[in-house]
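Have a look at the structure below, then the notes.
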Amino acid sequence: MFHNVFGPVPSRRLGRSLGVNVVPLKYCNFNCIYCQLGRTKHVINDLRMFYPPEDIIRELEIAVRTRDYDYLTFIGDGEPTLYAGLGKLIQWARDNQDKPLAILTNGAKLIDENVRAWLSELDVVKVSTDAGSERTFRLINRPPHRDITFDKFIEGIERFREVFSGQIWTEVMLVHGVNDNEDEIERIGDALSRYRPDRVYMMVPTRPPAEPWVKPPTSDVLMNLARVLSRYVNSDRIFIIDYIERGGVSYR
Ligand code: SF4
């Protein structure tokens, strides 16, 4: 029985994903209104050694030999780049197995040079960009530390892009009445132009959110916003995950 390693689980984007959960519930540097894990209980922005890396490596040694997977994916029940042992795990995975490596992060710690160096060893880095302005950033992601500003957040991803040869995938979570308007999408488009993601996933909240008033935009609004965004990102890099009116997931 493993404590940190799980799966593989089927992932729409990563195939069979062998997961490594490196952060306990819910240590995060954001407090997103749509978070399916609820409100952030432990607001931190410094790195913590939540688990001895050797314990996780012991699980990985067994899992990579005995389980059939397409990606090894680092995640957290919070923000995985807040784990001080992450660099060691990534290096171990690079040296001891040959499947591609991914992380699902909000991207805010990419302003930290050490974190950029760790993540540059990965194949796919999934970040979030739900806002195109400081005001909307504070409304939707609600970073509790005042030193995490929108400009620094985008600057971190931009600096990472300069050194990273793998793929950056971006999730844009759209929330009715918060960021689902053309002006904000134009500003998000500007931000994406700065770091040039390889893919953009336009998402809507579907699981119970941290704040009960959070609602998705309609499919029509979503499709229109995708058209606006395609002025900034080539449309063949935009994927819409539309759960609303079709009763399922669709990619475009
Ligand atoms: S960054 Fe992720 S874990 Fe943190 S609050 Fe936002 S959705 Fe939740």
Side-chain angles (χ1 to χ4, degrees), residues 1-7 9 17-64 71-97 101-130 137-138 140-150 152-157 159-160 163-164 168 171 173 210:
M1 182 68 177
F2 292 154
H3 186 257
N4 296 88
V5 177
F6 63 96
V9 293
S17 168
L18 184 65
V20 191
N21 187 339
V22 296
V23 175
L25 194 75
K26 194 197 141 170
Y27 286 80
C28 195
N29 46 10
F30 278 8
N31 183 20
C32 302
I33 56 175
Y34 58 77
C35 185
Q36 64 192 44
L37 301 170
R39 291 182 188 159
T40 299
K41 289 195 188 74
H42 309 281
V43 173
I44 63 166
N45 197 32
D46 56 323
L47 273 53
R48 303 266 175 99
M49 197 60 84
F50 297 111
Y51 309 103
E54 299 73 24
D55 289 359
I56 302 179
I57 287 172
R58 258 194 295 281
E59 294 183 8
L60 278 168
E61 279 170 340
I62 299 168
V64 301
Y71 269 88
L72 184 60
T73 309
F74 296 95
I75 64 145
D77 280 335
E79 170 49 43
T81 58
L82 296 171
Y83 175 46
L86 183 63
K88 191 166 185 177
L89 292 190
I90 290 172
Q91 203 50 58
W92 182 91
R94 246 318 153 227
D95 295 342
N96 291 278
Q97 60 89 62
L101 305 175
I103 192 167
L104 310 184
T105 170
N106 61 25
K109 285 307 271 184
L110 287 170
I111 197 69
D112 179 328
E113 191 179 354
N114 290 331
V115 173
R116 288 200 298 277
W118 294 347
L119 269 53
S120 66
E121 294 293 318
L122 301 172
D123 298 283
V124 172
V125 174
K126 193 291 298 166
V127 299
S128 294
T129 301
D130 306 318
F137 185 53
R138 301 247 154 244
I140 193 163
N141 301 120
R142 304 188 298 188
H145 287 85
R146 298 304 294 185
D147 54 336
I148 305 178
T149 63
F150 175 71
K152 271 197 176 169
F153 169 64
I154 296 296
E155 183 192 329
I157 307 176
R159 286 201 199 178
F160 181 62
V163 298
F164 183 52
I168 297 180
E171 274 181 12
M173 183 66 85

R116 side chain vs I111 backbone, donor-acceptor pair below 3.5 Å: yes
Electrostatic pair E54:R58 at N-O distance under 4.0 angstrom: no
Check: Q97 side chain, A93 main-chain N or O, donor-acceptor pair, under 3.5 Å: yes
salt_bridge(D112, K152) N-O dist < 4.0 Å: no
Heavy-atom donor-acceptor pair, R48 side chain to A84 backbone, under 3.5 Å: no
Test log, rule side-chain contact (heavy atoms from CB on, under 4.5 Å), inputs R159 and L110: CA-CA 8 Å; R159 286 201 199 178; L110 287 170; over 6 Å; no
N21 and D77: side chain donor to acceptor below 3.5 Å: yes
Heavy-atom neighbours of Q91 CD exceed 12 at 6.0 Å: yes
More than 12 heavy atoms from other groups under 6.0 Å of NE2 on H3: no
Passing candidate, side chain to side chain donor-acceptor pair (under 3.5 Å) with N141, options D130, N29, T129, N31: D130
Minimal non-hydrogen separation, E79 against T105, with atom names: OE2-OG1, 2.7 Å
Validation row: I56, W92 side chains within 4.5 angstrom (heavy atoms): no
Criterion side-chain contact (heavy atoms from CB on, under 4.5 Å) on F2 and I62, from CA distance to verdict: CA-CA 10 Å; F2 292 154; I62 299 168; 3.9 Å; yes
Side-chain heavy atoms of C32 within contact of R142, under 4.5 Å: no
Validation row: H42, L25 side chains within 4.5 angstrom (heavy atoms): no
Flag, side chain of K88 to backbone of P53, donor-acceptor distance under 3.5 Å: no
Nearest heavy atoms of V20 and F6, plus distance in Å: N-CE2, 4.0 Å
Side-chain heavy-atom pair L60, L72 within 4.5 angstrom cut-off: yes
Least distance between heavy atoms, K109 atom then V115 atom: O-CB, 3.5 Å
Heavy-atom side-chain proximity of F153 to F30 below 4.5 angstrom: yes
Reference residue K126; test side chain to side chain contact (heavy atoms under 4.5 Å, CB included); the match among I103, L104, N106, T73: L104
Check: E59 side chain, N4 main-chain N or O, donor-acceptor pair, under 3.5 Å: yes
Nearest atoms (heavy-atom pairs only) where K26 meets C35: NZ-SG, 3.2 Å
Candidate list Y51, F50, Y83, test ring-ring contact (aromatic ring centres under 6.0 Å, His included), partner Y27, passing option: F50
Minimal non-hydrogen separation, L18 against A63, with atom names: CD2-CB, 4.1 Å
Steps toward side-chain contact (heavy atoms from CB on, under 4.5 Å) verdict (F137, I148): CA-CA 10 Å; F137 185 53; I148 305 178; 4.1 Å; yes
Residue pair R94, D123: steps toward the side-chain contact (heavy atoms from CB on, under 4.5 Å) verdict: CA-CA 10 Å; R94 246 318 153 227; D123 298 283; 2.9 Å; yes
Closest non-hydrogen atom pair, L82 against I44: CD1-CG1, 3.7 Å
Any donor-acceptor pair under 3.5 Å from K41 side chain to C28 backbone: no
Candidates L47, V23, L119 - the one meeting side chain to side chain contact (heavy atoms under 4.5 Å, CB included) with L86: L119
